[in-house]
Amino acid sequence: MADIFREVDEDVRRDRAVDLWSRYGLYVIAAVVLIVAATAALVGWRHWQVEARRDAAAQYLAAAEGDPSLRIDALAGVADGQEGVYAQMARLRGAAALSADDPAAALAAYDALAAEPDLPARLRALAAIRALVLAADSQPVDEVILRAGPLTDAANPFRSHAREILAVAEMSRGNDAAARAALEQIVADLSAPLSLRERATLLLELVSSTEAGS
């Protein structure tokens with residue numbers, strides 16, 4: 001008797017399974033196909049991204065390390081033809097390549113990068129400090145001081161370099177008090193490079209001797 005009930009139960013479950021499959025089998029197949037297709041698309045997309053990054057890296061390295069006479073145009077091509085970090089790096093490297101022969105154009109390029117809101121904050125800060133270095137060699141002292149001021153903020157990763165340039169500019173116009181304040185900030189900033197703090201210490205001694213002699 002138990003075997004009969006078991007056979008009946010199995011028949012009922014089989015009938016239910018057949019009924020469910022007849023109703024929803026196509027949906028199950030469609031779902032499986034969609035899952036397989038989506039997985040394949042995702043794998044393909046990731047592979048394309050990896051290959052695109054490799055291609056962008058290769059183009060950037062070829063431009064940055066290639067013939068110096070062609071470097072500016074090559075980097076400009078990478079900057080225009082790529083997106084993301086390699087395009088940004090190409091623009092920075094391109095501005096650096098300009099600085100030897102055309103400092104004014106390099107300064108303008110750095111200023112444009114420093115003002116670009118889509119650029120990561122650290123790259124904007126790097127462009128701004130490089131612009132300040134160029135300005136220190138070519139701009140009036142008042143312009144250098146005006147540029148340096150915002151870059152000495154505690155949140156700026158290159159604040160100590162900006163403070164050094166600011167101190168030298170203030171010294172050149174005889175404002176020893178302002179120079180001393182900037183140099184003391186460098187010396188007190190333990191995150192500043194040791195070489196920079198050592199230079200600031202020497203400049204402080206120079207300021208002190210100037211003050212003593214006045």
Side-chain angles (χ1 to χ4, degrees), residues 60 63-80 87-187 189 192-207 209-211:
Y60 170 76
E65 299 176 1
D67 187 340
S69 64
L70 304 175
R71 186 168 296 160
I72 292 174
D73 289 339
L75 288 166
V78 175
D80 292 338
Q88 297 161 358
M89 290 169 61
R91 292 177 65 189
L92 280 168
R93 194 70 176 265
L98 278 171
S99 61
D101 298 324
D102 195 347
L107 181 59
Y110 280 133
D111 281 341
L113 286 165
E116 187 171 313
D118 293 336
L119 209 63
R122 189 171 183 84
L123 289 184
R124 291 201 310 271
L126 178 59
I129 197 65
R130 288 186 174 178
L132 178 61
V133 171
L134 286 176
D137 291 333
S138 60
Q139 302 271 312
V141 172
D142 289 344
E143 174 66 22
V144 174
I145 291 172
L146 187 64
R147 281 177 172 271
L151 303 183
T152 61
D153 184 84
N156 191 308
F158 306 105
R159 59 189 175 276
S160 295
H161 298 82
R163 288 167 180 167
E164 182 182 40
I165 294 173
L166 175 62
V168 172
E170 293 287 9
M171 289 172 65
S172 70
R173 68 173 185 177
N175 192 348
D176 290 340
R180 173 180 289 280
L183 293 169
E184 287 176 345
Q185 285 182 312
I186 296 172
V187 173
D189 187 354
L194 179 59
S195 59
L196 192 55
R197 284 188 282 138
E198 289 175 344
R199 289 201 304 270
T201 300
L202 292 174
L203 287 173
L204 273 173
E205 293 175 0
L206 180 60
V207 170
S209 64
T210 302
E211 290 174 335

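Owing to the predicted nature of the structure, the values given are computational and were not obtained by experimental measurement.
- Listed by chain and number, the residues in a side chain to side chain contact (heavy atoms under 4.5 Å, CB included) with Ala95 are Ala109, Tyr110 (sequence neighbours excluded).
- Closest approach of Ala169 and Val144 over heavy atoms only: CB-CG1, 4.1 Å.
- Note that the CD atom of Gln88 and the CG atom of Leu126 stand 11.5 Å from one another [nearest 0.5 Å].
- With hydrogens and angles ignored, the 3.5 Å screen pairs no side-chain donor or acceptor of Arg130 with any backbone N or O of Ala96.
- Here the CZ-CD distance, from Arg91 to Glu116, works out to 4.0 Å after rounding to the nearest 0.5 Å.
- Atom CG in Leu196 sits 5.5 Å away from atom OG in Ser160 (nearest 0.5 Å).
- Of all the heavy atoms in Val187 and Ala200, the pair that sits closest is CG2-CB, 3.8 Å.
- Shown here are the side chain to side chain contact (heavy atoms under 4.5 Å, CB included) partners of Ala148, two or more places apart in sequence or in another chain: Leu132, Leu166.
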Problem set entry | Residues Leu204, Arg180; criterion side chain to side chain contact (heavy atoms under 4.5 Å, CB included); working and verdict | CA-CA 6 Å; Leu204 273 173; Arg180 173 180 289 280; 4.0 Å; yes

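- Scanning all heavy atoms of the two residues, the minimum distance from Asp142 to Arg173 falls at OD1-NH1, 3.0 Å.
- The heavy-atom pair separating Ile165 from Ala136 by the smallest distance is CG2-CB, 4.0 Å.
- A distance of 11.5 Å separates CD1 in Ile145 from OG1 in Thr152, rounded to the nearest 0.5 Å.
- Expressed to the nearest 0.5 Å, how far CG of Leu119 lies from CG of Leu92 amounts to 6.5 Å.
- From Leu113, atom CG reaches atom CG of Leu123 across 8.5 Å, with rounding to the nearest 0.5 Å.
- Of all heavy-atom pairs spanning Arg124 and Ala114, the tightest one is CD-O, 3.5 Å.
- No side-chain heavy atom of Glu184 sits less than 4.5 Å from a side-chain heavy atom of Val207.
- Contacts of Arg122 classified as side chain to side chain contact (heavy atoms under 4.5 Å, CB included), with partners at least two apart in sequence or in another chain: Pro157, Phe158.
- What you find for Met171 and Leu206 is that their closest heavy atoms are CE-CD2, 3.6 Å.
- In terms of modelled atom types and a separation under 3.5 Å, the side chain of Arg163 and the main chain of Ile186 share no donor-acceptor contact.
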